[in-house]
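Note sheet for the following structure.
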There are 2 protein chains.
Amino acid sequence: MPTLAEVAEKAGVSIATVSKVLSNTPYFTEETRRKVMSAVEELGYLPNLAARALSSGKTHLIGVVFPYVYEGIFTDPLVQYILEGVEAECNERGYNILLSTPRLNPDGPDENYRRLLRSSYLDGIVALDNVPLSSVLSPDLRKNTPAVAIGYGDHPNYVRSDDLQGSTALMEHVISLGHRRIGILTVDESLHYSIQMRHVGLDQVAEEAGLNYAHLPKYDRGDFSIASGMQGASALLEQYDDLTALVCINDRMALGAIQQVQKMGLKVPDDITIVGYDDILSAQLFSPALTTIDQRAPELGHRAAQMLFALLNNENPDSVVIPTQLRVRESSAPPKVSRQ
Amino acid sequence: MPTLAEVAEKAGVSIATVSKVLSNTPYFTEETRRKVMSAVEELGYLPNLAARALSSGKTHLIGVVFPYVYEGIFTDPLVQYILEGVEAECNERGYNILLSTPRLNPDGPDENYRRLLRSSYLDGIVALDNVPLSSVLSPDLRKNTPAVAIGYGDHPNYVRSDDLQGSTALMEHVISLGHRRIGILTVDESLHYSIQMRHVGLDQVAEEAGLNYAHLPKYDRGDFSIASGMQGASALLEQYDDLTALVCINDRMALGAIQQVQKMGLKVPDDITIVGYDDILSAQLFSPALTTIDQRAPELGHRAAQMLFALLNNENPDSVVIPTQLRVRESSAPPKVSRQ
DNA sequence: GTATAATAGTTAAACGCTTAACTACTATTT
DNA sequence: AAATAGTAGTTAAGCGTTTAACTATTATAC
């Protein structure tokens, strides 16, 4: 690959002049520009990005971080949409994306990841940070690099989906339909801040309606998967056969639950209401179509990236909470009089 | 950030010695190692990756490239699985992923992307390269960097899904059920090599069964979306109301087609058979569950990455064609006698 | 007891760029 | 006409590594 020096020689100027022309720093003539550009053209010169990074301290690389919280993390719709949003913003500004998916150990994210972050090789970071046990953006890790968190970690700059408002709307919907015997299908809440927030929302609405949330039948050994939704529904209904509604912490578990109760001979929503959270593609396509919460994930990625670039621009952007949208579809209905 | 020089000073040795210790290059005493390591520890030294890249010529960065062929490219299941497979392999070897999603213009991928590739900043590239109009891995672009293509571009090293075998199996399934009046829902084949291959498979099997493929009713203005599947089904059935089967070029169009024919009062599969290609999550969950082709996308990513690392290791890996698997589900059945 | 080889460490060049500091010249101001 | 400011370009230092070439010391061979 040709270097600045070769271009300079061919153009008959110094390498500083070439650098100036290429970076449009003032003080050169049109004549010089032409000489330089035609030398660049002829040689097919391209700047060496490593050298540029070393010299300028800027890599034009944005880290996008998703902790590896479960197998198949890239099939998580949240991940897809965030990636899409961040990519769009970066592409527009000529930045590249370095994708990192650290494995989480009890003592923090993996070594490679920690080195990467602390080495300040990245110009900025957007991280999905919702795992209480091990933050991918702890103060120690992010101190060298501007960062935006998507989630509930304790960061100065964050973008969040309004899980409280979403779960509130979901539970209000179910209760306003007339349901009182409600089962909850969820996961270990220590896994996720946003799940914790959803619980808070469910709890508040339940209490307001005179239900003791802590005493509602609960299956909390799910892992977000369809299979664990089936298991959960099966376990709950075996023990509490009078439930008229199942509120699920995500769509995949809800879809599993629907399949399971149908297998058990119940009709959704006639015999039992089932609702989810996320509004994945299958939620609309499934029969019955799933009542769920759209957390508008594409927005999360866009806003997070915009905030990061504002930060890089030395502005002081405000953190953002993005409201969700209840999608009422076919899987929820008032309880049957006979089972009520 | 502390540098090698500071570590060297603190440890009382030269920077070359520190470098040797850190890279485990022979010829230092245990005593020296201890001094160096404790200096590293105390200062919290981390290598400057830009400097390392400049000096060594290796960035430890693998480019993963998906051309931006349509909006929402990251929700494409193929993309997700490939990303997942490549990430797993890179993570294991301590490489990072640079994600690039070039926009395609008639005269090639966008400028930024071309500069990135030709600048040889990446140690290697895995690219989804299936767009005839504009390769993201043309000889000109990849000449500086080892690369593996996923797709049908003319590359020395590639991984492909066996679209010919997949489409053959799909069409054989439909025809062996007894269907003769078959409609095809597809997209402009100039968009995609793998779509072209699927057409070839459908064609061969049709001809073998005595059907003239070119004369089969065809809707080819789809764009992979559910909506275009609905449109296509509607358009075809309006003109040819005696069709007993619709073969769709991907699952999302197939799911759209099913919804459309149901809306028109037809039952799937009783009145009409509909099959897809891809085996996305919704294909299993949909009711009726979709008969389709599983192209085992996770394998594509894994194999491509393995091949790339073999290349980096100066081996001569063979290109790979990965067989697909027919998934027979509920949406296909023999034609009704009355409509046959 | 000398030649040879192996070990331990240092020096300094190289990677290719950015940019502060400088020179030299021309144009403007007073 | 001298002082000042602006323009065009050069020189050289610096970014933080890696690594080839070197020196110095110690061990081994004969």
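Letters go in sequence order (proteins before strands), and every chain restarts at 1. This is a predicted model, so every value here is computed, not measured.
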Output yes when at least one side-chain N/O atom of A:Arg52 is less than 4.0 Å from OP1 or OP2 of C:dT18, else no. yes

Rounded distance in Å - CG (A:Leu22) to P (C:dG16): 16 Å

So, A:Asp163 and A:Tyr193: side-chain donor and acceptor under 3.5 Å apart, yes or no? no

Distance in angstrom units between B:Leu4 CG and C:dA12 P, rounded: 18 Å

Each nucleotide in nucleotides 9-14 of chain D should get exactly one letter: B, S or -. Can you fill that in based on protein heavy atoms under 4.0 Å? BBB--B

Axis-to-axis angle for the helix from C:dG1-D:dC30 to C:dT30-D:dA1, ends of five pairs each, to 10°, equals 40°

Salt bridge (charged side-chain N to carboxylate O under 4.0 Å, His left out) partners for A:Arg114, two or more places apart: A:Glu111

Classify B:Ser19 by what it touches in the nucleic acid, base, sugar-phosphate, or nothing, heavy-atom distance under 4.0 Å. base

Show me the donor-acceptor pairs within less than 3.5 Å that the side chains of residues 43-53 of chain A make with the rest of the protein, sequence neighbours left out.
{"unit_1": "A:Asn48", "atom_1": "OD1", "unit_2": "A:Ala50", "atom_2": "N", "d": "2.9"}
{"unit_1": "A:Asn48", "atom_1": "OD1", "unit_2": "A:Ala51", "atom_2": "N", "d": "2.8"}

Measure up the B:Tyr95 and B:His60 rings against each other and bin them: parallel (under 30°), tilted (30 to 60°), perpendicular (over 60°). parallel

Under the side-chain hydrogen bond (donor to acceptor under 3.5 Å, both in side chains) test, residues paired with B:Thr32 that sit two or more places apart: B:Thr29

What residue pairs, at least two apart or across chains, pass salt bridge (Lys or Arg N to Asp or Glu O under 4.0 Å) with a residue in residues 1-19 of chain B? B:Lys10-B:Glu42

Rounded to whole Å, CD of B:Glu6 lies from C1' of D:dC15 at a distance of 13 Å

For A:Arg103, check side chain to side chain contact (heavy atoms under 4.5 Å, CB included) against everything at least two apart and list the hits. A:Tyr68, A:Thr101, A:Asp110, B:Glu87, B:Asn91

Set of ring pair (Phe, Tyr, Trp, His ring centres under 6.0 Å) partners for A:Tyr70, sequence neighbours left out: A:Phe224

Rounded to the nearest Å, what distance is computed from the NZ atom of residue A:Lys58 to the P atom of nucleotide C:dT19? 10 Å

With sequence neighbours excluded, residues passing ring pair (Phe, Tyr, Trp, His ring centres under 6.0 Å) with A:His302: none

Nearest whole Å is fine: how far is D:dC15 C1' from A:Leu49 CG? 16 Å

Qualifying salt bridge (Lys or Arg N to Asp or Glu O under 4.0 Å) pairs with a residue from residues 132-159 of chain B, counting only residues at least two apart or across chains: B:Asp140-B:Lys143

Select base, sugar-phosphate, or nothing to describe what A:Pro47 touches, counting heavy atoms under 4.0 Å on all strands. sugar-phosphate

Hey, could you give me each pair passing salt bridge (Lys or Arg N to Asp or Glu O under 4.0 Å) that has a residue in residues 25-35 of chain A? Not counting sequence neighbours. A:Glu31-A:Arg34

Over how many whole Å does the gap from A:Leu54 atom CG to C:dT18 atom C1' extend? 10 Å

Taking only heavy atoms on the protein side, list every residue of residues 110-122 of chain B lying under 4.0 Å from any atom of DNA chain C, sorted numerically. none

Rounded distance in Å - CG (B:Asn48) to C1' (D:dT17): 8 Å

